[in-house]
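Structure first, then comments.
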Amino acid sequence: MDDWVDKLTRVGPEQDAALVELGELLKVRVKRAFKSRPKADSSFVDDVVQDSLATILASIRQFDGESKFTSWATTLAVRTALRQMRRLNWQDTSLDQMLSHNPAKVESRSPSGSDPAAIALSKQMVESMYRIINYELTDKQREVLLAHLNGMPQAEIGRRMNTSRNAVYKLGFDARKRLRDGLIAAGYSAEDLEAIKAAR
Amino acid sequence: MKITKEQLRALLGFVAKTADEEISCQTCEDQLSRFAEAQLTGDGVPGALQAIQKHLEICPECTEELEYICEALNDDLCD
Ligand SMILES: [Zn+2]
């Protein structure tokens, strides 16, 4: 397996030394990955690394040896940092602020003739999408979909809906499937959808 | 609730890529370190990780995570 696992699971000075070494490596890596984010100052990085080391020790048996141990540990640290960053960025936003109870409304006028992507996204298709979003999705599916469209991360949606991130993912997935099936039922083919994807 | 055209177009892109079966973020996360290593060493995506590739196409969050992981691992796996 890995030398790291050996050292980190042996209680005593060897484990302490390995934790210090791993912590230093993670600090350098987290700092580099988040260098463009102003909120990622050194106290943020220190906190993330402390939390990550605890997570790594607690879940070390889940390391399957498919990657380097340090890659796995770095992945956990980056994930911890991203979650905290997302939480900070969204802490002042409520779901209600983002979603009103009115039906979704189209913001722009009919597509202009010069933009190929706008042509692909025809007025009829836009109307079909709004009909499906407003009348064929469940309230929860619609909430998740609209929050997603506004960029709110799944964990943050889950926190506000008192549900797990996995459940949020499932709601979003079901909403996308309903939209896809609804558009196909409205006469759009899988090829139409592909063409629109390509026109983006 | 207003949806901009840009949002609608992005949504259509995701809808077009929606399959009947998808892996969850959790499953994707379990494989991301391996996936990042494969990307950084230029080995290409092994067959076993194709489902991850598909998930990344419809999941901006896991994609963002992968970008940060690759940046973090950049000292180690590029040489
Ligand atoms: Zn994901």
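Quick caveat, the model's predicted, so the values are computed rather than measured. A note on names: the letters A, B, ... follow the listed sequences, proteins ahead of strands, and every chain is numbered from 1.
B:E64 places no side-chain N or O within 3.5 Å of a backbone atom of B:E61 that could act as its donor or acceptor partner.
Looking at B:C59 and B:C28, their side chains never come closer than 4.5 Å, going by heavy atoms from C-beta outward. A:L26 is listed as a side-chain neighbour of A:I56, based on a closest heavy-atom distance under 4.5 Å.
Contacts of A:R178 with chain B are absent, with no heavy-atom separation under 4.5 Å from either backbone or side chain. The contact between A:L183 and chain B is made entirely by side chain atoms (from C-beta outward), counting heavy-atom distances below 4.5 Å. If you measure heavy-atom distances from B:Q31 to chain A, you find no contacts under 4.5 Å at all. Only the side chain of B:I58 comes within contact range of chain A, with heavy atoms under 4.5 Å apart. At a 4.5 Å heavy-atom cutoff, the contact between A:L179 and chain B is made by backbone and side-chain atoms alike. Using a 4.5 Å cut-off between heavy atoms, B:A38 makes no contact with chain A at all.
Classification of the A:F173-A:Y169 ring pair by plane angle, with boundaries at 30° and 60°, yields parallel.
Considering only heavy-atom pairs separated by less than 4.5 Å from chain B, the leading option among A:K31, A:R86, A:Q62, A:K170 is A:R86.
We find the CE-OH distance between A:M85 and B:Y68 to be 6.5 Å, quoted to the nearest 0.5 Å.
Side-chain atoms of B:S24 and B:T27 form a donor-acceptor pair, as typed in the model, at a separation below 3.5 Å.
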